[in-house]
Amino acid sequence: MLWIKSLHIVFVASWFAGLFYLPRIFVNLAQVEPGSQAERDRLLLMARKLARFMTILAVPALGLGLWLWLYYGIGKGPGNGWMHAKLLLVLLLLGYHHACQRLLKGFERGQNRRSHVWFRWFNEVPVLMMLVIVVLVVLKPF
């Protein structure tokens, strides 16, 4: 079980790295001056590769987490309300991940209407979710 837990943590941390950095690329894309095609193309290439890689990393992170929950029973039974809260946050993170994919498609089509300031705030969402998830898992407050 400790191997599964260790791999889960590694894949979750790696997935979060993508969730932290992709919106940062969006900040830069939103600041590209009109006519700077080479800069835009380079940032889009980076964003596409990162989006693909973080999606690949999310699969084992989620799969290993489900294995720990369903097979080993971590977070099952009475007194494990923290797990329900964590699962809700994971679902919200999947929605955030999906939103990042849609925002990337908008940039690829040249249809972004949001400012770099909006993306700076958007970039903080996974940081806050990670903070709450870590507190839930470590402290198990309910």
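All heavy atoms count here, side chains included; hydrogens, waters and symmetry mates do not. What you see is a predicted model, and the numbers here were worked out from it, not measured in a lab.
- Atom NZ of K140 is surrounded by more than 12 heavy atoms from other residues, nucleotides or ligands within 6.0 Å.
- V134 and L89 fall within a single hydrophobic cluster, where Ile, Leu, Val, Met, Phe, Trp and Tyr are joined by side-chain heavy atoms under 4.5 Å apart, directly or via other members.
- Counted within 6.0 Å of CH2 on W82, heavy atoms from surrounding residues, nucleotides or ligands total more than 12; the atom is thus considered enclosed.
- For the residue pair W15 and H97, a side-chain donor N or O sits within less than 3.5 Å of a side-chain acceptor on the partner.
- Not a single side chain to side chain donor-acceptor pair (under 3.5 Å) links R102 to another residue, sequence neighbours left out.
- Distance check: L44 CG to N28 CG gives 11.5 Å after rounding to the nearest 0.5 Å.
- Taking hydrophobic clusters as Ile, Leu, Val, Met, Phe, Trp and Tyr residues chained together by side-chain heavy-atom distances below 4.5 Å, M83 shares a cluster with V138.
- In the hydrophobic cluster analysis, where Ile, Leu, Val, Met, Phe, Trp and Tyr join through side-chain heavy atoms closer than 4.5 angstrom, I56 is grouped apart from F11.
- Remark: L103 CG to R114 CZ distance equals 6.5 Å, nearest 0.5 Å.
- To the nearest 0.5 Å, atoms CZ (R42) and OG (S36) are separated by 9.5 Å.
- Residue Q111 qualifies as enclosed at atom CD: its count of foreign heavy atoms under 6.0 Å is above 12.
- The closest donor-acceptor contact from the side chain of H8 to the backbone of L64 lies at 3.5 Å or more, if one exists at all.
- Aromatic ring pairs are classed by plane angle as parallel below 30°, tilted from 30° to 60° and perpendicular above 60°; the pair F119 and F107 is tilted.
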Quiz item: Going through the checks in order, is the side-chain contact (heavy atoms from CB on, under 4.5 Å) test met by I74 and K5?
Solution: CA-CA 10 Å; I74 294 176; K5 192 182 285 189; 4.0 Å; yes
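- For N123 and W121, the side-chain atoms include no donor-acceptor pair closer than 3.5 Å.
- In this structure, I9 is not a member of the same hydrophobic cluster as F16, with clusters built from ILVMFWY side-chain heavy atoms closer than 4.5 Å.
- Taking each heavy atom of G18 and P23 in turn, the nearest pair found is O-CD, 4.1 Å.
- Listed here is the closest heavy atom pair of T55 and A51: OG1-O, 2.8 Å.
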Self-check item: side-chain contact (heavy atoms from CB on, under 4.5 Å) assessment of V137 paired with I133
Solution: CA-CA 6 Å; V137 170; I133 288 171; 4.2 Å; yes
Quiz item: What do the steps show when you test F142 against N80 for side-chain contact (heavy atoms from CB on, under 4.5 Å), and what is the final call?
Solution: CA-CA 6 Å; F142 48 90; N80 287 300; over 6 Å; no
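- The distance from atom CE of M129 to atom CG of L19, rounded to the nearest 0.5 Å, is 9.0 Å.
- Paired with W67 under the rule side chain to side chain contact (heavy atoms under 4.5 Å, CB included), one option of L62, I4, L7 passes, and it is I4.
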Exercise. Before giving the answer on side-chain contact (heavy atoms from CB on, under 4.5 Å), spell out for N112 and L29 the whole-Å C-alpha distance, their side-chain angles and the decisive distance to 0.1 Å.
Key: CA-CA 9 Å; N112 175 52; L29 273 165; over 6 Å; no
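- In terms of the salt bridge (charged side-chain N to carboxylate O under 4.0 Å, His left out) criterion, residue partners of E108 (sequence neighbours excluded) are, by chain and number, R48.
- L104 contributes atom CG, which lies 10.0 Å from atom CZ of R52 (distance to the nearest 0.5 angstrom).
- Classification of the W118-F122 ring pair by plane angle, with boundaries at 30° and 60°, yields parallel.
- Checking Q31 against S115 by side-chain atom types alone, no donor-acceptor pair falls below 3.5 Å.
- Both L66 and V90 are part of a single hydrophobic cluster, where members link through side-chain heavy atoms under 4.5 Å apart.
- To the nearest 0.5 Å, atom CZ of residue F20 and atom CG of residue L50 are 12.5 Å apart.
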